[in-house]
Amino acid sequence: MHHRSYLLFNLDDARYGLAAEVVQEIFLLPALTSVPESGSEVAGILNLRGQLMTTLNLKAFLGHPKQPNTTAQAVILAQCGDQQLGLVVDNVQNVEMIAAADISTALETPYLSNTENPLTAGIAKHKNEVIVLLNLETLGQSGQTLPSLLAEGGGNRFMAQFSLDDQRLLQARADGLAQISAYEGDSDLTALAVVGLDGEHFGLRLETVYEFTEVPQITPIPCCPPHIVGNMNLRGEILTLVDIRCFLNLSPAADSKPQKAVVMRSGSLVAGVVIDDVFDVVYLPTSDVASAPTAIHSNSNQYLRGVACYGDSKMSLLDLPKLLAQGELVVDQPVY
């Protein structure tokens with residue numbers, strides 16, 4: 001049976017997919033420069049490693065209710081022919097293999113457009129979900145013509161919708177994306193997801209991050225150590241949630257239910273690690289990493305790969321795979 005890989009992402013409560021081979025890069029939403037002549041479908045222009053790239057506000061483009069953008073959104077960089085196109089989405093999920101037999105095309109579904117350049121490439125049924133597969137070629141063609149669509153009020157003021165603190169965060173992301181060209185070809189460049197715990201910043205190697213997710217209902221696990229928060233249902237997969245604060249000498253979490261988690265995969269081990277916030281994705285050269293001072297997190301230095309600057313503060317580079325591999329998260333207490 002023929003299968004194809006698709007990158008899945010969310011817009012509001014709807015699930016969409018793009019053919020994985022066209023996806024070049026994914027990063028958190030940066031500052032964008034508005035184009036006065038463009039409509040709300042164009043979020044703005046981004047300087048990505050010296051190249052100017054049109055970025056579509058995919059919600060507006062697909063007719064979703066008008067909503068302000070947020071700093072938690074992501075941009076998918078896709079290659080469409082000889083041009084690159086940015087797509088603003090709510091959050092990126094994962095890459096899934098979908099069988100051709102599970103995809104209904106316009107010819108098979110009367111409700112889909114059968115025009116020459118439809119936006120919808122097909123509707124897929126996958127793991128009890130309905131996924132709308134988008135036609136990137138049509139999006140690319142639209143990205144070239146959208147500036148002629150005038151927005152109400154004379155343009156899309158992208159940055160004006162954010163607070164001053166959020167504007168500074170978005171601008172820092174944009175500055176980082178513009179300057180990555182200085183490290184092109186540097187094999188020591190490391191991609192890190194920056195997360196928050198107890199008011200501190202931590203960097204996680206991006207290759208071990210499977211996804212970020214909101215935490216739905218938690219099922220407690222009896223007779224477990226305090227760092228085991230419970231189980232959650234992640235699209236049909238039962239995932240154990242872990243609070244790592246005790247391993248970093250941080251204050252215990254508040255009594256309120258955790259709201260966010262990062263899903264970590266290391267070999268056959270999978271765990272959901274409770275976090276407070278997701279801030280950024282940064283690219284860091286090895287030369288910018290310093291050894292962790294002994295005073296930082298005291299005896300938890302065995303789980304730290306070093307420290308680095310993040311804006312005006314410091315972040316600790318956390319070695320979660322090591323923590324997982326050493327068995328600190330194994331539940332082995334007897335049940336009485």
Side-chain angles (χ1 to χ4, degrees), residues 7-10 13 15 26 28 70-74 89-96 126-129 191-281 297 300 303-305 315-333:
L7 176 70
L8 307 186
F9 58 90
N10 290 339
D13 294 328
R15 183 67 58 89
I26 302 168
L28 291 176
T70 71
T71 58
Q73 289 179 308
V89 302
D90 284 348
N91 56 75
V92 176
Q93 294 299 311
N94 51 3
V95 176
E96 294 279 359
H126 182 67
K127 295 183 179 179
N128 298 321
E129 292 184 312
L192 298 170
V194 183
V195 302
L197 274 174
D198 197 29
E200 296 190 32
H201 294 108
F202 292 89
L204 311 176
R205 291 181 69 95
L206 204 56
E207 64 263 28
T208 62
V209 175
Y210 186 65
E211 67 176 283
F212 296 102
T213 183
E214 300 291 328
V215 176
Q217 181 177 353
I218 298 175
T219 302
I221 307 175
C223 304
C224 282
H227 61 268
I228 303 297
V229 179
N231 286 337
M232 62 172 279
N233 188 327
L234 183 66
R235 297 186 301 278
E237 179 181 5
I238 302 303
L239 187 72
T240 298
L241 282 177
V242 179
D243 190 340
I244 62 173
R245 287 175 173 83
C246 60
F247 303 110
L248 301 174
N249 291 333
L250 298 175
S251 302
D255 293 334
S256 59
K257 182 180 77 69
Q259 300 297 316
K260 300 177 182 178
V262 53
V263 181
M264 304 292 299
R265 293 185 182 269
S266 179
S268 60
L269 294 175
V270 182
V273 178
V274 173
I275 58 176
D276 295 333
D277 292 290
V278 182
F279 293 111
D280 210 346
V281 173
H297 304 296
S300 300
Y303 303 125
L304 301 181
R305 299 173 48 243
M315 69 173 170
S316 301
L317 276 57
L318 187 58
D319 193 344
L320 273 185
K322 181 178 181 180
L323 195 156
L324 289 169
Q326 291 188 349
E328 295 283 3
L329 305 184
V330 175
V331 179
D332 56 5
Q333 291 189 191

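Being a predicted model, the structure only gives us computed values, none of them experimental.
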Heavy-atom side-chain proximity of [X] to [Y] below 4.5 angstrom:
{"X": "I26", "Y": "L7", "result": "yes"}
{"X": "V89", "Y": "Q73", "result": "no"}
{"X": "R15", "Y": "H126", "result": "no"}
{"X": "I228", "Y": "V242", "result": "yes"}
{"X": "L248", "Y": "F202", "result": "yes"}
{"X": "V195", "Y": "L318", "result": "no"}
{"X": "T71", "Y": "L28", "result": "no"}

> Counting distance only, does the side-chain N/O of N10 pair as donor-acceptor with the main-chain N or O of N91 below 3.5 Å?
Replying inline: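 Flag not set: sc N10 to bb N91 has no pair under 3.5 Å.
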
>> Tell me whether E200 contacts the main-chain N or O of L197 through its side chain, where contact means a donor paired with an acceptor under 3.5 Å.
In response: no

> Could you give the distance from CG (D276) to NZ (K260), rounded to the nearest 0.5 Å?
Replying inline: 8.5 Å

> How long is the span from the CG atom in L192 to the CG atom in L204, to the nearest 0.5 Å?
Replying inline: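 If I round to the nearest 0.5 Å, the distance is 8.0 Å.
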
Residue pair [X] / [Y]: nearest heavy atoms and the distance that separates them:
{"X": "V92", "Y": "F9", "value": "CA-CB, 4.1 Å"}
{"X": "G230", "Y": "I218", "value": "CA-CG2, 3.9 Å"}
{"X": "H227", "Y": "C246", "value": "CB-SG, 3.8 Å"}

